[in-house]
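What follows is a short report on a single structure.
All values below were derived from every heavy atom in this structure, side-chain atoms included, with hydrogens, water molecules and symmetry-related copies excluded.
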Amino acid sequence: MASPDLREVADSFVAGIPNLRDQVDQLVRSIAPGSVATYGDLAKSLGDIAASRWVATYLLDPTCRVADFSHRVVRSTGEIGLHYSGSSETKTELLRAEGVVIAKETVHLETYRAQLPPIGRSLSELKAWQLDFESPAEPAFRLEDIEAIGGIDVSYGKVQAVAACSRMQVDGKTTIGTQTYVGAAEFPYITGYLAFREIPLHLNLLADMQVAGTLPDVLLVDGNGRLHPRRMGIATMLGGLAGIPTIGVAKKLICGVLRVPELRVGKWEPIVVSKDQPDEILGYAIVPHTKTKHPIYVSRGFGVDDQAMLEIVERCLNGHRSPEPIYWADRESRRHASTL
DNA sequence: GCGACAG
DNA sequence: ATCTTGTCGC
């Protein structure tokens, strides 16, 4: 299997990501004076209610390009909510001036709710992309053939972000080296869509490593793999795009439930879709050491079976909560980002 | 009122 | 993820 030019993979991936800010701007401008929409209405027009918190955050930012129209966006309860000016009274007065009746700081949504236009090429399309994503054939993974285990993470500075990949020997604990890549993270963080925020940085870093001949044989990714609402977390998508075996390692549970009531330090326990489906295992949780009560959540990314996955992660556990490659990538990317 | 979700 | 002080513990 010819390995792909990762710079080209990065460029074409980026080309397929919509600009959510532009789309929210367009939607907000479409709300006529005298009517309102909710943050959730806008998110649904983008294609996923999960974006509602980001929409609210964006519209409350004073530098937002549609700040002058953002008073027309209220909470799902009809409550006026916050305003970029810092004053809900200002927001209320702006709405009243446009003829909207407000009682008890609340709008009657049934009366004033605007009809929003549909948006093409947005979150709905990204969701479909995740559901339809076709991973290339997974080459047989042979644990005895690997020479380097990588860990990849992203930290954020004022303007730009830094991706770092640290490589360790097969013992999982001996450092070989770290490479970094600085770039912009354009796409916002929305639960379930982390891949579209961080993979552009990941792929460009991996492209640099491809040139340098330093690509690891397996990559631990800060985030989930199969343990994802659509079974397509960042680790799975990155591995499929780059053709590199990956494992997802997260610090918080995004979905699913623990199959057992309690975790024991150092013991893997399955995470399943629900108590009713105890056989569909999405990933595994483990409390890595005595110092912490917090588990990590590990799931298959691409090209590695569950048994090899757990063996690799175990080798990398060395007194920190995260496996060493991720621990170091996090440390280095954060240190670099703090200087930006 | 509560659940409630990677980075 | 980031914003943030001192503080508790190994």
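- Annotation: of the two residues near DNA chain C, A:Ser155 and A:Lys291, the 5′-most nearest-nucleotide partner is A:Ser155.
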Applying the Watson-Crick and G-U criteria (both distances under 3.5 angstrom) with [ ] for crossing and | for other-strand pairs, one obtains for DNA chain B .......
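- A close approach under 4.0 Å does occur between a side-chain nitrogen or oxygen of A:Thr191 and OP1 or OP2 of B:dA6.
- In this structure, A:Asp222 places its CG atom 12 Å from P of B:dA6, rounding to the nearest Å.
- Heavy atoms of A:Gly248 sit nowhere under 4.0 angstrom from any nucleic acid atom.
- Regarding A:Arg300, its CZ atom lies at a distance of 18 Å from the C1' atom of B:dA6, rounded to whole Å.
- For A:Tyr189, a side-chain nitrogen or oxygen approaches OP1 or OP2 of B:dA6 to under 4.0 Å.
- When distances run from any side-chain atom of A:Tyr156 to the nucleotides B:dA6, C:dC10, C:dA1, the shortest one goes to C:dA1.
- A 6.0 Å sphere centred on NZ of A:Lys293 holds no more than 12 heavy atoms belonging to other residues, nucleotides or ligands.
- Between the CD atom of A:Glu332 and the C1' atom of C:dA1 there is a distance of 18 Å, rounded to whole Å.
- Remark: side-chain polar atoms of A:Thr246 are paired, donor with acceptor, to backbone N or O of A:Ala235 under 3.5 angstrom.
- Side-chain proximity of A:Asn224 to B:dG7, C:dT2, B:dA6: nearest is B:dA6.
- For the pair A:Arg334 and C:dT2, the criterion of a side-chain N or O lying under 4.0 Å from OP1 or OP2 is met.
- Residue A:Leu227 is out of contact with every strand shown, counting any heavy-atom pair closer than 4.0 Å.
- Residue-level contact check: A:Tyr193 touches the bases, meaning some heavy atom is under 4.0 Å from a base atom.
- Salt-bridge annotation for A:Glu269 and A:Lys267: present, with a side-chain N of the basic residue lying under 4.0 Å from a carboxylate O of the acidic one.
- For the pair A:Leu253 CG and B:dA6 P, the interatomic distance rounds to 9 Å; values are reported in whole Å.
- Taking atom NE2 of residue A:His289 and atom P of nucleotide C:dC10, one finds them 14 Å apart after rounding to whole Å.
- For A:Arg231 and B:dA6, the CZ to C1' distance is 14 Å, given to the nearest whole Å.
- Cluster membership for A:Ile234 and A:Tyr189, using ILVMFWY side-chain heavy atoms within less than 4.5 angstrom, is shared.
- Rounding to whole angstrom units, CE of residue A:Met237 and P of B:dA6 are separated by 17 Å.
- Aromatic ring pairs are classed by plane angle as parallel below 30°, tilted from 30° to 60° and perpendicular above 60°; the pair A:Phe13 and A:Phe196 is parallel.
- Atom CG of A:Leu282 and atom C1' of B:dC5 are 14 Å apart (whole Å).
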Please set out all donor-acceptor pairs under 3.5 angstrom arising from side-chain atoms of residues 115-124 of chain A, sequence neighbours excluded.
{"unit_1": "A:Arg121", "atom_1": "NH2", "unit_2": "A:Gly16", "atom_2": "O", "d": "3.3"}
{"unit_1": "A:Ser122", "atom_1": "OG", "unit_2": "A:Gln23", "atom_2": "OE1", "d": "2.6"}
{"unit_1": "A:Ser122", "atom_1": "OG", "unit_2": "A:Leu46", "atom_2": "O", "d": "2.9"}

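- Panel note: side chain A:His289, backbone A:Val265; no donor-acceptor pair is recorded below 3.5 Å.
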